[in-house]
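Inspection log for the structure reproduced underneath, given as structure tokens.
Just so you know, residue 1 is the first one in the sequence shown, and it goes up from there. Note: hydrogens, waters and symmetry copies are ignored here, and every other heavy atom, side chains too, is used.
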Amino acid sequence: MEKKSTHILNASSNLLGFSLVIITSLKITKISHSTHLDEFAGIACLFFAFSCFFSFLAIRSQQEKQGLRFETIADYLFLIALFCIVLAVIIVTMEII
């Protein structure tokens, strides 16, 4: 099976930037205190950052077994962060409706 690390690194770094834009826009508009949106985006930022870190380690790893372990960790962190972003989108949707 082909390594997923490069794809995880690319997607995580892009979504990390997206999460940071969410947090920044909430701070600028001063609505972060009225919702839990910034908490979910902040947690997603952390998980995306760690996912980037572990996927990079998986790419740079010399040992196949260790690389697969790092890739698996990066994959799960990416999934958790994606779930946090989905929760943030649900919160935004509920605020708009």
Side-chain angles (χ1 to χ4, degrees):
M1 187 173 161
E2 189 176 320
K3 291 185 91 173
K4 300 179 284 186
S5 303
T6 55
H7 301 293
I8 295 171
L9 181 60
N10 187 21
S12 312
S13 60
N14 287 331
L15 289 172
L16 175 62
F18 175 73
S19 300
L20 290 171
V21 166
I22 290 173
I23 292 172
T24 304
S25 64
L26 288 172
K27 297 297 181 185
I28 288 173
T29 59
K30 295 183 176 37
I31 61 169
S32 64
H33 63 278
S34 63
T35 66
H36 294 290
L37 183 59
D38 60 335
E39 284 90 0
F40 285 121
I43 292 168
C45 281
L46 287 174
F47 281 118
F48 281 132
F50 283 120
S51 179
C52 287
F53 177 71
F54 280 107
S55 62
F56 179 76
L57 287 178
I59 292 168
R60 299 294 295 169
S61 178
Q62 299 295 324
Q63 300 172 357
E64 183 70 26
K65 188 175 181 180
Q66 188 178 32
L68 285 174
R69 188 176 321 132
F70 288 147
E71 187 176 280
T72 302
I73 292 169
D75 202 16
Y76 284 122
L77 289 171
F78 180 78
L79 266 161
I80 294 168
L82 205 56
F83 181 71
C84 289
I85 291 295
V86 167
L87 286 176
V89 168
I90 289 171
I91 290 172
V92 168
T93 305
M94 298 305 278
E95 291 290 319
I96 292 174
I97 295 177

| message | Hydrophobic clusters here meaning ILVMFWY residues chained together by side-chain heavy-atom distances under 4.5 Å, can you tell me if F54 and I43 are in one? | response | yes
| note | CG (L20) and SG (C45) are apart, to the nearest 0.5 Å, by 4.0 Å
| query | Can you name the side-chain contact (heavy atoms from CB on, under 4.5 Å) partners of L46, sequence neighbours left out? | reply | none
| said: With a 3.5 Å distance limit and no angle check, can you tell me whether S51 reaches the backbone of F47 through a side-chain donor-acceptor pair? | reply: no
Could you go through residues 76-86 and list every donor-acceptor pair under 3.5 Å that involves a side-chain atom there, pairing it with any protein atom two or more places apart or in another chain?
none

| query | Quick one: CD1 on I91 to CG on D38, what's the gap to the nearest 0.5 Å? | reply | 9.0 Å
| request: Apply side-chain hydrogen bond (donor to acceptor under 3.5 Å, both in side chains) to S55 and list each qualifying residue two or more places apart in sequence or on a separate chain. | output: none
| field | Shared-cluster residues of L9, by chain and number - hydrophobic side chains joined below 4.5 Å | value | I59
| field | For the student: nearest non-hydrogen atoms of S13 and C52, plus distance | value | N-SG, 3.4 Å
| Side-chain donor or acceptor of N10 paired with backbone N/O of T6 under 3.5 Å | no
| field | Shared hydrophobic cluster for F70 and L68 (ILVMFWY, side-chain gaps under 4.5 Å) | value | no
| message | I'd like to check L57 versus E71 (side-chain heavy atoms, cut-off strictly below 4.5 Å). Are they in contact? | response | no
| query | What is the distance from atom CZ of F50 to atom OG of S12, rounded to the nearest 0.5 Å? | reply | 12.5 Å
| task | Could I get the full list of side-chain contact (heavy atoms from CB on, under 4.5 Å) partners for A41, not counting sequence neighbours? | result | I22, I23
| request: Provide the closest heavy-atom pair for L26 versus T29 in the form atom of the first, atom of the second, distance. | output: O-OG1, 3.4 Å
| To the nearest 0.5 Å, how far apart are CD1 in I90 and CZ in F40? | 9.0 Å
| field | Connected-component partners of F56 among ILVMFWY, side-chain separation under 4.5 Å | value | none
| remark: Rounded to the nearest 0.5 angstrom, the CZ-CD distance for R60 and Q66 is 13.0 Å
